[in-house]
Peer 1: 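For reference, the structure I am asking about is given below.
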Amino acid sequence: MNINELQSRYSAGQRDFRNLNLMAVNLKNMNLSGANFSGSNLAGANLLGTNLSHANLSNAVLTGANFKGANLYHSDLTNAHLLSTNLEDANLTQACLSGATLPERMKMAT
């Protein structure tokens with residue numbers, strides 16, 4: 001699925017995007033609130049400033065993704081792979097990180 005198709009489907013009300021390969025996709029500043037990306041591969045994706053509040057990213061591969069300034073409020077990151085991920089200024093308020101593989105700088109802060 002390409003970015004235009006994803007954006008079109010989201011605009012039409014679809015929220016189920018499970019198990020997709022979206023490696024290195026540019027979703028910068030998009031509103032994807034409530035979307036279900038569980039099990040998807042978003043490794044290396046640009047999610048700078050993206051709204052992913054209430055999104056399901058459980059079991060997703062997010063290695064090397066850029067979440068700088070992203071809104072991850074109340075998102076589900078259970079068992080997500082977040083190694084080498086940029087979470088600078090990301091809103092992780094009430095996000096579930098249970099079992100997530102976290103970047104080293106986050107492990108030291110907890």
Peer 1: Enter the distance from Asn71:CG to Leu32:CG here, rounded to the nearest 0.5 Å.
Peer 2: 11.5 Å

Peer 1: Sequence neighbours left out, what passes side chain to side chain donor-acceptor pair (under 3.5 Å) with Asn31? Give chain and number order.
Peer 2: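 Partners of Asn31 under the side chain to side chain donor-acceptor pair (under 3.5 Å) test: Asn51.
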
Peer 1: Are Val25 and Val61 co-members of a hydrophobic cluster defined by side-chain heavy atoms under 4.5 Å apart?
Peer 2: no

Peer 1: Could you pull out the closest heavy-atom pair between Asn2 and Glu5, with the gap in Å?
Peer 2: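 Smallest interatomic distance, heavy atoms only, reads OD1-N, 2.7 Å.
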
Peer 1: Treat each ILVMFWY residue as a node, draw an edge where side-chain heavy atoms are under 4.5 Å apart, and state whether Phe17 and Ile3 are in one component.
Peer 2: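 Phe17 clusters together with Ile3.
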
Peer 1: Rounded to the nearest 0.5 Å, what separates atom NZ in Lys28 from atom CG in Asn66?
Peer 2: 9.5 Å

Peer 1: How far apart are the closest heavy atoms of Lys68 and Asp89, and which atoms are they?
Peer 2: CE-OD2, 4.2 Å

Peer 1: Between His54 and Tyr73, how do the two ring planes meet: parallel, tilted or perpendicular, split at 30° and 60°?
Peer 2: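 Judged by the thresholds at 30° and 60°, the geometry between His54 and Tyr73 is perpendicular.
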
Peer 1: Is Ser11 reaching over with its side chain to a backbone N or O of Gln7, donor-acceptor style, under 3.5 angstrom?
Peer 2: yes

Peer 1: Quick check for you: to the nearest 0.5 Å, what is the distance between Leu48 atom CG and Asn46 atom CG?
Peer 2: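 Those atoms lie 5.5 Å apart.
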
Peer 1: If only atom types and distance count, is the side chain of Thr50 paired as donor or acceptor with the main-chain N or O of Leu27 below 3.5 Å?
Peer 2: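 Between the backbone of Leu27 and the side chain of Thr50 there is a qualifying donor-acceptor contact (under 3.5 Å).
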
Peer 1: Determine whether the side chains of Ser38 and Ser58 contain a donor N or O and an acceptor N or O closer than 3.5 Å.
Peer 2: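 There is no such pair (donor and acceptor under 3.5 Å, judged by atom type) between the side chains of Ser38 and Ser58.
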
Peer 1: Taking the side chain as every heavy atom from C-beta outward, state whether Phe37 and Leu62 have any pair of such atoms under 4.5 Å apart.
Peer 2: no

Peer 1: Determine whether Tyr10 and Met30 make a side-chain contact, defined as any pair of heavy atoms from C-beta on separated by less than 4.5 Å.
Peer 2: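 A side-chain contact under 4.5 Å is absent here.
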
Peer 1: Tell me the closest heavy-atom pair linking Ala65 and Leu47, and the distance in Å.
Peer 2: CB-CD1, 4.3 Å

Peer 1: Which pair of heavy atoms, one from Leu72 and one from Ser75, lies closest together, and at what distance?
Peer 2: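 So the minimum-distance heavy-atom pair works out to O-OG, 2.7 Å.
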
Peer 1: Using the test side chain to side chain donor-acceptor pair (under 3.5 Å), find all partners of Asn59 that sit at least two apart in sequence or belong to another chain.
Peer 2: none

Peer 1: So Ser84 and Thr63, side chain to side chain donor-acceptor pair (under 3.5 Å) or not? Walk me through it.
Peer 2: CA-CA 6 Å; Ser84 302; Thr63 306; over 6 Å; no

Peer 1: Rounded to the nearest 0.5 Å, what separates atom CG in Leu57 from atom OG in Ser40?
Peer 2: 8.5 Å

Peer 1: Just verifying a value: how many Å separate Asp76 CG and Asn56 CG, rounded to the nearest 0.5 Å?
Peer 2: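 Going from CG on Asp76 over to CG on Asn56, the span is 4.5 Å.
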
Peer 1: Do Leu82 and Met23 share a hydrophobic cluster, counting only Ile, Leu, Val, Met, Phe, Trp and Tyr and linking them when any side-chain heavy atoms are less than 4.5 Å apart?
Peer 2: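 No: no chain of side-chain contacts under 4.5 Å links Leu82 to Met23.
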
Peer 1: To the closest 0.5 Å, what do you measure between CG (Asn36) and CZ (Arg15)?
Peer 2: 11.5 Å

